[in-house]
Amino acid sequence: MKRHLISAADLTRDDAVLILDTAEELARLSDRPIKKLPTLRGRTVVTLFFEDSTRTRISFEAAAKRLSADVINFSAKGSSVSKGESLKDTAQTLEAMGADAVIIRHGASGAPYRLATSGWIDAAVINAGDGTHQHPTQALLDAFTVRRRLLGPDGGLGRDLSGRRITITGDILHSRVARSNVDLLSTLGAEVTLVGPPTLFPVGAEGWPCEISYDLDAVLPKSDAVMMLRVQRERMGGAFFPTEREYARRYGLDGARMARMPAHAVVMHPGPMNRGMEITAEVADSPRCTAVEQVTAGVSVRMAVLYLLLGGAQPPAGQTPAAEPRGARPRTEENH
Amino acid sequence: MSKTLIRGARVLGGAPQEVLIENGVVTALGTVAEAGGATVIEAAGRILLPGLVDLHTHLREPGREDSETVRTGTRAAARGGYTAVHAMANTFPVADTAGVVEQVWRLGREAGYCDVQPVGAVTVGLEGKQLAELGAMHDSAAGVTVFSDDGKCVDDAVIMRRALEYVKAFDGVIAQHAQEPRLTEGAQMNEGTVSAELGLAGWPAVAEESVIARDVLLAAHVGSRVHICHLSTAGSVEIVRWAKSRGMPVTAEVTPHHLLLTDELVRSYDPVYKVNPPLRTEADVRALREALADGTIDVVATDHAPHPQEDKDCEWAAAAMGMLGLETALSVVQHAMVDTGLLDWAGVAERMSFRPARIGRLTGQGRPVAVGEPANLVLWDPDHRAPVEPAGFASRSRNTPYRGRELPGRVTHTLLRGRATVADGALTDAPADTPADGARA
């Protein structure tokens, strides 16, 4: 594991499997009456959110707290420039308060990379979504969810997604979720197909490790999982597609389309959903849809990332050092 | 009466010669027998070139003196071997009136390091709507002949047509910043495989090429000169090549950075590589070098664009566009064009001095190294090798993309009408040489 988590592309297959396995271990914690580990006691984790994303922020916050870290939430809505304070000053302020890790969400692609590489701060940097670039923990929780559904919680341990066919549909151009998933799922051996109208693909996507299709119906029967991305209604202003109705007709997932998927195949959605746009209520509420499980998986996966990035660095006396080869198991504390 | 003798310099890269300069004019060339009382510059192994002329410099004054002033910018120019620069119009206030261009011109004379030829804005406030007083700027003491809204494209076809037609009255030229605005809304970097991966909004080549195609056709239609600023794509090269083959009145420039750097550097998300037009691909770099060598591209122009540290020390999207150029231009050209065998030193003189002066209609600059000509000269040590160290720059800013990169060559002397602005690699103290009639005859 590296010191930071900026891009899903930085993860090797073994890194990714280790995170998923660790997340499975940590997920078991939630079955216990006391859902807390002492691993990060005395460590400070800051969530630095330049964009509103309550879901992602509280998921990270829950993950850090279950590992006993102190959590500081810093909401810096709007760009750093419009606030008049630079990203550099904000980050240095947080570090001066003793942050060991900075979890950053920023509207500008590359902002977490800048934070991790510019020498401004020493803290570990975790990317919680940057512009239209990357959202690596989202890809990890998606991989976690699909591995669990297709291979089982125990059956999946130690395994990747070799040969699994995963379709991602929607606004690929503006999606950090799509980019992260293409990187991670292909690293894990899955066959990824991106589907959407040609206007919503970036020029240059031809070289990505995935297939590109404009025809959802042709791809559905060959999919083990179908991930529906949120399509923002304001994209219509950019003439990316003519109307919402036309988008839903060609690329939305409804009951009839879902019926074309193999019986075992699941429907995924990173949320929040636009019901009636990319997904109908019938599909969203069906047992094949994993949207709620993905939220739960998010906490486990983010715990695993914090555990592996921070747990091994300066283990408090008597704590289990993390980031050991696979097989190292987080120690639970029953009476804390 | 001042007298300088340069000994052993290879004039335009040819055989070593002696050059005698008296009262700012070259008075003897070849073997100089009698040079009593002359200051002697030993220049064995150095290349003697005509003083470089930049068609595209941002001096930032008035308005952004935190990034550059006319004085610091012309000192940087002198260190880079320049004896004349064209100061772009996107200042605050915009150089769209006779008053502002005269101010910039006077500041250049007062500093004395380099002739400053102001460029006038094409439209009021660079807004692309109403023609600025082009005639008044031409008739002013600054004698403007190059007009540009650089930084912004004159995208309205009618305004562009009228501007091209209007400046025919005084042999002016419109220097177009070719960037179709709708295709580049929010654009951050070259559109291609790297932008797709980095999630930065793409800046398609067609946004530049479509404007160039329109403007060469417009220029031909109205019979006026158009100059294409900082051409950056292989497709633009093809359009200009086609236009020239049809005899259309177009000239074009390329920046040093587009001859060397590619969009792969953006992977660092370091805004020192953020520039307009954006760094393109390896294939584009190849096409630009070939086009500069075969004359499709007429000149190298720096697009020297100083920015204070805080405008680059931030996330990519928030950063300013532009990079320094004056103090590294000749090194980059040697590296990319001369050391690769694409261009000889006479070719460099043509593209960095003679032709830019002709396009700008400067008469006292970009002259041959010959008896009777003004002694605007630069001595270049092509064998010098050192990493670029921005701390030593004369510019007020430090946003060079070459920090730490080893580049060849360095200026040892720059002479402005016989007077040294740079001697033994160091700027001289306020040379304060006021030209008798300015750069223009």
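Scope of the values below: all heavy atoms of this structure, side chains included, with no hydrogens, waters or symmetry mates. In what follows, every chain begins at residue 1, and chains take the letters A, B, ... in the order their sequences are listed. Since the structure is predicted, the reported quantities are computational estimates derived from the model, not experimental observations.
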Over all heavy atoms of both residues, which pair between A:G204 and B:A196 is shortest? Give the atoms and the distance, please. C-CB, 3.7 Å
Could you check which of B:P204, B:G202, B:P271 has the highest count of heavy-atom pairs closer than 4.5 Å to chain A? B:P271
Distance in Å, A:T132 OG1 paired with B:L198 CG, rounded so as to fall on 0.5 Å steps: 9.5 Å
If you round to the nearest 0.5 Å, how far is OH of B:Y269 from CG of A:D130? 6.0 Å
Identify which of B:S195, B:A317, B:S268 forms the greatest number of heavy-atom pairs closer than 4.5 Å to chain A. B:S268
Correct closest heavy-atom pair for B:Q309 and A:K88 would be NE2-NZ, 4.3 Å
Gap between atom CG of A:D89 and atom CD of B:E310 - 0.5 Å precision: 10.5 Å
For the CZ atom on A:R250, are there more than 12 heavy atoms of other groups (residues, nucleotides or ligands in this structure) within a distance under 6.0 Å? no
For the residue pair A:A111 and B:E315, what are the closest heavy atoms and their distance? CB-CB, 4.1 Å
